[in-house]
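Quick note on labels: first sequence line is chain A, next is B, and so on, each numbered from 1. Heavy atoms only: backbone and side chains are in, while hydrogens, waters and symmetry mates are out.
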Amino acid sequence: MTKAEDIGRDSSLRSERQGRFERQRQEKLSRIKQLGIDPYGGRYDGAERACDIKSRYKDGDEGQRARCAGRIVLLRDIGKLIFITLRDWSGTMQVGLSKNLLGPEASGWPLAKLLELGDIIGAAGQLGKTKTGEITVWADSVSLLSKCLCQPPEKFHGLSDIDLRYRQRFVDLWANPEVMERFKNRSSIIATIREFLQARGFLEVETPMMQRKAGGAAAKPFVTYHKTLDLDLFLRIAPELFLKRLLVGGMEKVFEINRNFRNEGLSRQHNPEFTMLELYQAYADYNVMMELTEEIICLLVEKYCHGKQVRFGEETIDYTRPWRRARYAELLKEYSGCDIEDIEAVRMRAAGLGLDEGDMDDVVVTNEVFEATVEDNLVDPTFVIDYPAALCPLTRRKKDEPKYAERFELYIGKMELANAYTELNDPAEQYENFLVQLRGQEESMARMDEDFITALKYGMPPAGGLGIGIDRLVMVLTGATSIRDVVLFPLLKPTKD
RNA sequence: GGGAGUGUAGCUCAGUCGGUAGAGCAACGGCCUUUUAAGCCGUAGGUCUUGGGUUCGAGUCCCAACACUCUCACCA
């Protein structure tokens with residue numbers, strides 16, 4: 001028997017065991033059908049959110065009614081009375097099902113006795129409190145809206161197998177309320193960013209995900225193919241070069257929040273498809289972008305975190321303004337001890353770090369040393385400014401120091417969260433920069449894009465541009481230390497069967 | 001790809017010195033009209049990831065494979 005067959009047999013045994021539970025639930029489904037009830041319900045109007053029902057409840061007023069719908073997450077059957085904890089996406093609601101109230105017809109008490117954990121139901125009835133003070137819908141009607149045929153996870157611990165949680169996010173979301181909460185926050189964070197930008201006159205646009213040239217960043221692209229045009233295409237690694245074309249076209253403030261794709265490894269900070277905010281503002285520069293970045297993120301911290309000191313894994317991030325702005329060279333000196341001008345010292349340090357510096361250009365070595373020594377120290381928000389120009393082919397040089405470029409990266413919690421430039425708008429210089437390939441870099445940001453050069457020749461206004469990694473931003477704002485906890489369906493190795 | 005860790009019932013987990021498999025939840029059969037992870041009585045559920053090895057005897061020790069997690073590398 002081959003390994004594949006062996007594994008296949010193993011998984012079929014496994015599913016057979018699970019099938020035992022499913023068969024029992026199938027039997028219940030048949031019994032429900034025999035009662036003349038559609039186990040997959042239908043439209044259910046007028047259900048209120050659990051949290052709204054609870055907050056409008058007034059003690060002592062006996063005329064109150066309520067209607068709710070959700071999944072059964074707890075069930076306590078006491079004979080002629082059943083207490084159910086229903087979860088909708090606002091919270092939980094207790095429903096009391098009693099033999100007297102529901103009556104003997106099929107859709108009443110007999111149905112109630114067949115309900116089980118995981119089923120989705122609707123219930124309506126008088127609102128009241130129990131002996132112990134819990135607000136309860138005393139149901140006089142109950143509807144089965146969807147039968148659950150699979151065994152729900154353990155009711156107290158929820159689903160904790162990490163692999164299963166990512167593979168079956170649909171279970172994770174309802175079994176672990178804090179997961180639902182985090183994704184609701186993610187959505188709300190993105191909505192807040194949109195509102196913020198739109199209020200400042202930015203226009204949201206969508207640019208191609210499939211591109212002839214994968215430009216705007218240094219990363220391995222995914223390759224795809226268009227049949228009718230017989231065309232090889234890349235999934236974009238960044239929207240940058242298209243957004244800049246829009247600047248040429250006269251859109252003065254644009255942004256895009258969408259996916260980028262990079263064909264690289266997975267880690268707690270990397271998912272091959274990730275969400276990026278990129279924005280461009282004509283007539284601005286990287287200083288304007290710094291102000292904007294600090295403003296957006298502080299607004300979000302205020303809204304989604306408690307206080308300015310925020311826990312993140314082992315660290316505490318202090319968002320108190322103003323954030324540190326430190327030159328690249330200054331941080332290199334501070335943490336590696338090397339003077340950026342003293343390339344011999346930098347190379348020695350690189351060798352000491354075990355880097356194969358012989359095959360690398362000076363700036364590449366310097367950057368390797370920077371990454372190895374500096375990044376792990378940048379816990380509080382830090383703008384790293386003025387990068388070596390050679391590392392930034394799309395960035396304008398500093399007027400008085402042409403060896404450095406007007407670029408910053410923002411680090412928070414040891415992660416690169418944002419990257420911004422004063423955009424290069426000189427077509428001749430851009431053309432030259434596209435031609436320079438650095439030794440020691442696996443991927444280059446310098447990929448010749450003639451059409452983009454043509455666009456620049458028409459004249460692109462001077463501009464500031466900014467990219468913010470949304471997934472990582474959501475991580476630091478929600479305390480998730482793995483990107484998989486803020487991406488609904490992270491990329492996983494497929495299972496063997 | 002390197003290193004470390006984990007893999008036991010559907011789920012969450014115990015399993016001592018190597019002596020032949022345990023709990024809670026879920027399920028099934030009972031009892032129960034005010035429960036809060038309801039409770040009580042009973043039943044069933046296992047190729048201990050897989051394959052080798054050591055041993056009289058392996059869930060336990062050794063080797064290998066597979067899967068997952070963490071970590072390093074890669075990711076400017």
Hey, does the side chain of [X] reach the backbone of [Y] with a donor-acceptor pair shorter than 3.5 angstrom?
X        : Y        : answer
A/Arg397 : A/Ala389 : yes
A/Glu105 : A/Ser107 : no
A/Lys113 : A/Gly79  : yes
A/Ser90  : A/Asp88  : no

Between [N] and [M], how many Å separate the two [atom1] atoms, rounded to a whole number?
N     : M     : atom1 : value
B/U35 : B/C40 : P     : 15 Å
B/G45 : B/G2  : P     : 43 Å
B/C61 : B/G18 : P     : 8 Å

**Report entry** Under-4.0 Å salt bridge between A/Asp376 and A/Lys414
**Finding:**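 Not counted as a salt bridge, because no side-chain N and carboxylate O are separated by less than 4.0 Å.
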Query raised in the report: Is the shortest distance from a Lys or Arg side-chain nitrogen in A/Arg65 or A/Asp140 to a carboxylate oxygen in the other one below 4.0 Å?
Result: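 Yes, charged N to carboxylate O under 4.0 Å.
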I'd like a table of atom pairs between the protein and nucleotides 3-6 of chain B - only N or O on both sides, under 3.5 Å - with the distance next to each one.
none

Query raised in the report: A/Phe452: what forms a ring pair (Phe, Tyr, Trp, His ring centres under 6.0 Å) with it, not counting sequence neighbours?
Result: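 Not a single residue meets the ring pair (Phe, Tyr, Trp, His ring centres under 6.0 Å) criterion with A/Phe452.
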Requested in this report: Please identify each residue that fulfils ring pair (Phe, Tyr, Trp, His ring centres under 6.0 Å) with A/Tyr280, with sequence neighbours left out.
Outcome: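 In terms of ring pair (Phe, Tyr, Trp, His ring centres under 6.0 Å), with neighbours along the sequence ignored, A/Tyr280 is linked to no residue.
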Query raised in the report: For A/Arg20 and B/A44, is the shortest distance between a side-chain N/O and OP1 or OP2 below 4.0 Å?
Result: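 Checking A/Arg20 against B/A44: no side-chain N or O falls below 4.0 Å of OP1 or OP2.
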Requested in this report: Could you check whether A/Gln151 gets within reach of a base, just the sugar-phosphate, or nothing at all, counting any heavy atom under 4.0 Å?
Outcome: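 Base, at least one base atom sits under 4.0 Å.
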Report task. Would you indicate what A/Lys129 reaches in the nucleic acid, counting non-hydrogen atoms under 4.0 angstrom: base, sugar-phosphate, or nothing? Result ->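 Touches nothing.
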Requested in this report: Ignoring hydrogens and angles, answer whether the base of B/U12 and the side-chain atoms of A/Ser160 contain a donor-acceptor pair closer than 3.5 Å.
Outcome: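 No, no donor-acceptor pair under 3.5 Å.
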Query raised in the report: How is the base pairing of RNA chain B summarised as a dot-bracket string, given the Watson-Crick and G-U wobble criteria with both distances under 3.5 Å, [ ] for crossing and | for another strand?
Result: (((((((..((((.....[..)))).(((((.......))))).....(((((..]....))))))))))))....
Query - Within residues 415-426 of chain A, residues whose heavy atoms come under 4.0 Å of RNA chain B - result: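 Close to the strand are A/Asn419, A/Tyr421.
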Query - Positions of residues 86-121 of chain A (non-hydrogen atom under 4.0 Å from RNA chain B), listed by number - result: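 The stretch gives A/Gln94, A/Asn100, A/Leu117 as the residues lying under 4.0 Å from the strand, ordered by number.
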Which residues satisfy the side-chain contact (heavy atoms from CB on, under 4.5 Å) test with [X], sequence neighbours excluded?
X        : answer
A/Pro39  : A/Leu29, A/Ile32, A/Lys33, A/Leu144, A/Lys147
A/Leu173 : A/Arg169, A/Val179, A/Met180, A/Phe183, A/Leu488
A/Arg76  : A/Leu74, A/Phe83, A/Thr85, A/Gln94

Review item, nucleotides 37-41 of chain B N/O atoms under 3.5 Å of protein N/O:
| residue | atom | partner | partner atom | Å |
| --- | --- | --- | --- | --- |
| B/A37 | O3' | A/Lys155 | NZ | 3.4 |
| B/A38 | OP1 | A/Lys155 | NZ | 2.3 |
| B/A38 | OP2 | A/Arg76 | NH1 | 2.8 |
| B/A38 | N6 | A/Asp77 | O | 3.3 |

Report task. Scan for salt bridge (Lys or Arg N to Asp or Glu O under 4.0 Å) pairs involving residues 345-356 of chain A, sequence neighbours excluded, and state none if there are none. Result ->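 Found A/Arg347-A/Glu357, A/Arg347-A/Asp362.
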Report task. Could you please name the option among B/C11, B/C32, B/A76 that lies closest to any side-chain atom of A/Lys80? Result ->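 Side chain of A/Lys80 sits closest to B/C32.
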Requested in this report: Among A/Leu115, A/Ile82, A/Ile84, A/Leu101, find the one that has a side-chain contact (heavy atoms from CB on, under 4.5 Å) with A/Val142.
Outcome: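 Answer after filtering A/Leu115, A/Ile82, A/Ile84, A/Leu101: A/Leu115.
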Produce the list of close N/O pairs, under 3.5 Å, pairing protein atoms with atoms of nucleotides 70-72 of chain B; give distances to one decimal.
| residue | atom | partner | partner atom | Å |
| --- | --- | --- | --- | --- |
| B/U71 | OP1 | A/Arg268 | NE | 3.0 |
| B/U71 | OP2 | A/Arg268 | NE | 3.2 |

